[in-house]
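What follows is a single structure, written as structure tokens, with notes after it.
Counting begins at 1 with the first residue of the sequence. Owing to the predicted nature of the structure, the values given are computational and were not obtained by experimental measurement.
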Amino acid sequence: MTEDQGFVVTARKWRPLRFSDVVGQEHVTTTVRNAIRTGRVHHAYLFTGPRGVGKTTCARILSRALNCERPVDNEPCNDCATCRDVLEGRSVDVIEIDGASNNSVDDVRKLRDNAKYAPVTGKYKLYIIDEVHMLSTAAFNALLKTLEEPPPHLIFVFATTEIHKVPATILSRCQRFDFRRMEISSIVGHLATIASADGITIDEASLVAIARKADGSMRDSQSIFDQVVAFCGTSITSAQVAEALHLVDVDFYFDISTTARQNDLSGMFDLARQVVSRGYDLKETLVGLLEHYRNLLTVVATTNANLIEAAEAVKTRYVDEAQHYSQTDLVRIMSVLSQGEQQLRLNPPQPRVRFEFTLIRLASMDASVDLGELLARLGAGTSQPVGGIPMALKVGPMRSPTRPPTPSPPPPPNVVGDLKKLSPVAKRVRERSRSVNALSARALSEQWQKVLDELPEHLAFVRSTVRQGLLAISFTEVGLVLRPTGEVVYHRLTDKLPDLKEHLAKVYNAPVGVAVMKAQDDRQRAATNVDTDSSDSVADQAASDDLLPIERAIIRLFAARKMN
């Protein structure tokens, strides 16, 4: 069919005729051209990759390049009789076979019987078997002998999208080429060339939308391009493309992220209603929103928009929007969206409610607060906002209004907890065994200040909590006992316990046992009613005091995070 006889789809009209015309597969075309130039042509090629990336096209170009009467720079001339026969599908030396409909042993037997005859006009006889993975196991086995030792004039070219279904015995006899998925930039550039040649006006945002919809397939992008041209005519805008392909506009994603950032629950319900009323797929909307926040995360992490596949104007918007987020916030948001998309993928009942719930969770999330930053501000006695949350707190213990404050001596700057007094007999035993037991309670106490001074940066919060009275330390004959006065400090210590033990081993030159006691409130401590010695008196007194305002704020804040 020619253009004079009727419309020719873009994928056929713009099918590459030379290796240099193939887009995005330079690693394949360069290797094959060099093989033709040096005379190192293999007897079997296996082209594998996604759909619509040029596997069959390259096989046809190879067949013409090998039999062309007047090749130009190892490329087919596409003008000689041999090339025209191949292009028009009437060549007896180039046979294309559909592996799906010719997959039996009898079909392979016929192929072997015909393969022994020499080519009629060209130098080689080529068999191009498309979707070769559809051959049966028996057919593959029948092909092995011919494939391993073919006649000098015979060349096989296999093409498949499912390489894992091809037996290893076939793979080992072929020269394999893996075709890549088309990049967005390659598809956009090729579609722009096609539009310019056909006199079609289209903006960059529209081309990017078509390329993204094609999902790495050049053939799919050209089919979508034909569909958009049929809907919009010769003048195409991004809004028309979104309407023609029923896509969620990028502006809509920015509206959702802005509404979530402003904690506008009413506005989020309205946006969810628009998604349903416009007929958008709920799961695809969450996937697109997840990619939207991924783009923001790349800007925050790399400080540029080079990793975003979008038009330049859209990249600028992402750079401006990313100023309102931290890396931690974006990771939490993406985690919520991923959970919501996974639930919708299971086709649950009332998908709209689950979709709305996911968006409401985004609008209900507060900014993240770093615990280390909070403790640092507390130690500095500042009231500046931390993580977007104003903190005007009074540093110091707050007594319960139900009972009068009981005076207690302030804890030492570095050690909370007294050593148990030793009897004279115990002192003599201690002195005699000091050389053997170097990590006694007294030895641990003597080097504790060195432990605090040499804490690495990621353990600096231990020094801050000790000096502020939020962490009590008791020294025993078997190691250290840590008694945090708040649940947040307890969880932080348990998370960093392996690093803390490693640091203690470096300072004391020996492994040190560390036990972290779970924080208890006043009622729990009263219920336990456990007698303690004088070494724990200061620690118990500190634990019995009410929490500081900063501790209450931290606990409330992180309790809210667990609900998300």
Side-chain angles (χ1 to χ4, degrees), residues 50 181 184 209 211-217 220 242-243 245-301 307-310 314 317-318 321-322 324-369 387-388 491 495 555-564:
R181 294 178 72 255
I184 298 294
R212 293 170 64 86
K213 183 71 173 179
D215 193 24
S217 171
D220 288 5
E243 183 179 359
L245 302 179
H246 202 57
L247 303 175
V248 181
D249 197 298
V250 65
D251 294 333
F252 193 76
Y253 289 131
F254 276 104
D255 291 340
I256 293 179
S257 61
T258 302
T259 304
R261 176 165 51 83
Q262 296 174 351
N263 301 116
D264 185 1
L265 296 183
S266 176
M268 191 63 79
F269 271 113
D270 183 64
L271 291 175
R273 179 189 60 79
Q274 294 183 35
V275 171
V276 176
S277 62
R278 295 179 184 180
Y280 295 141
D281 183 84
L282 302 182
K283 183 173 69 66
E284 290 185 0
T285 302
L286 289 185
V287 172
L289 190 59
L290 183 63
E291 185 175 1
H292 171 74
Y293 279 105
R294 173 263 178 197
N295 293 338
L296 291 173
L297 181 59
T298 60
V299 175
V300 173
L307 298 180
I308 299 178
E309 297 175 340
V314 177
R317 292 187 62 182
Y318 275 116
E321 181 71 13
H324 302 286
Y325 296 91
S326 67
Q327 182 173 334
T328 305
D329 290 332
L330 292 172
V331 171
R332 290 171 51 231
I333 291 172
M334 293 177 67
S335 177
V336 171
L337 289 173
S338 179
Q339 294 174 7
E341 187 271 334
Q342 185 177 7
Q343 291 177 354
L344 288 180
R345 195 187 309 149
L346 301 177
N347 296 321
Q350 297 183 332
R352 176 176 178 175
V353 176
R354 296 179 182 272
F355 175 77
E356 290 177 339
F357 176 66
T358 301
L359 296 187
I360 293 306
R361 289 183 66 186
L362 298 184
S364 304
M365 296 174 67
D366 295 325
S368 301
V369 178
H491 289 299
D495 290 341
I555 292 174
R556 286 197 302 271
L557 184 61
F558 279 82
R561 295 296 167 269
K562 292 180 180 179
M563 293 175 62
N564 293 333

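- One distance of note links OG1 of T358 with CD1 of I333; it measures 13.0 Å at 0.5 Å rounding.
- Of all the heavy atoms in A242 and D249, the pair that sits closest is CB-OD2, 4.5 Å.
- V248 is not listed as a side-chain neighbour of L289, based on a closest heavy-atom distance of 4.5 Å or more.
- Of all the heavy atoms in A322 and V299, the pair that sits closest is CB-CG1, 3.6 Å.
- Using a 4.5 Å heavy-atom threshold, the side chains of Y325 and L297 count as separate.
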As a quick check of understanding, evaluate side chain to side chain contact (heavy atoms under 4.5 Å, CB included) for D264 and T258, giving each step before the final call. CA-CA 9 Å; D264 185 1; T258 302; over 6 Å; no
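- A donor-acceptor pair under 3.5 Å is absent between the side-chain atoms of N295 and the main chain of I308, judged by distance alone.
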Would E356 and R273 satisfy side chain to side chain contact (heavy atoms under 4.5 Å, CB included), going step by step from the backbone distance to the final call? CA-CA 9 Å; E356 290 177 339; R273 179 189 60 79; 5.8 Å; no
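- Atom CD of Q262 is separated from atom NE2 of H324 by 9.0 Å, given to the nearest 0.5 angstrom.
- Annotation for A209 and L247: closest pair CB-CD1, 4.1 Å, computed over non-hydrogen atoms.
- Within the 4.5 Å cutoff, the side chain of R332 has no heavy atoms near those of the Q327 side chain.
- Here S338 contributes atom OG and Y293 contributes atom OH; the two are 14.5 Å apart, rounded to the nearest 0.5 Å.
- Contact of the V287 side chain with the L337 side chain is not registered, since no non-hydrogen atoms from C-beta on lie closer than 4.5 Å.
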Might you work through the side chain to side chain contact (heavy atoms under 4.5 Å, CB included) test for F252 and V275, ending with a clear yes or no? CA-CA 9 Å; F252 193 76; V275 171; 3.3 Å; yes
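- No side-chain donor-acceptor contact under 3.5 Å links S217 to the backbone of A214.
- In this structure a side-chain-to-backbone donor-acceptor pair under 3.5 Å is present from T259 to D255.
- Ion pairing between R317 and E321 fails under the 4.0 Å rule for side-chain N and carboxylate O.
- Taking CG of L344 as the reference point, atom CZ of F355 lies at 8.0 Å (rounded to 0.5 Å).
- Annotation: side chain of F254 is in contact with side chain of H292 (closest heavy-atom distance under 4.5 Å).
- Going from atom CZ of R354 over to atom CG of L359 covers 14.5 Å, rounded to the nearest 0.5 Å.
- One N or O on the side chain of S277 and one on the backbone of Q274 form a donor-acceptor pair closer than 3.5 Å.
- Within the 4.5 Å cutoff, the side chain of I360 has heavy atoms near those of the M268 side chain.
- Under the 3.5 Å distance criterion, the side-chain polar atoms of H246 are matched with a main-chain donor or acceptor of R278.
- Of all non-hydrogen atoms in N263 and M365, the two that sit nearest each other are ND2-O, 3.1 Å.
- Taking all atoms of both residues into account, the shortest heavy-atom contact from L286 to G340 is CD1-C, 3.7 Å.
- Once rounded to the nearest 0.5 Å, the distance linking CZ of R261 with CD1 of I256 reads 13.5 Å.
- Although no hydrogens or angles enter the test, the distance criterion places no donor-acceptor pair under 3.5 Å between the side chain of D220 and the main chain of D215.
- Taking 4.0 Å as the cut-off between side-chain N and carboxylate O, R212 and E291 count as a salt-bridged pair.
- For the pair L265/S364, a side-chain contact is recorded, criterion being any heavy-atom separation below 4.5 Å from C-beta on.
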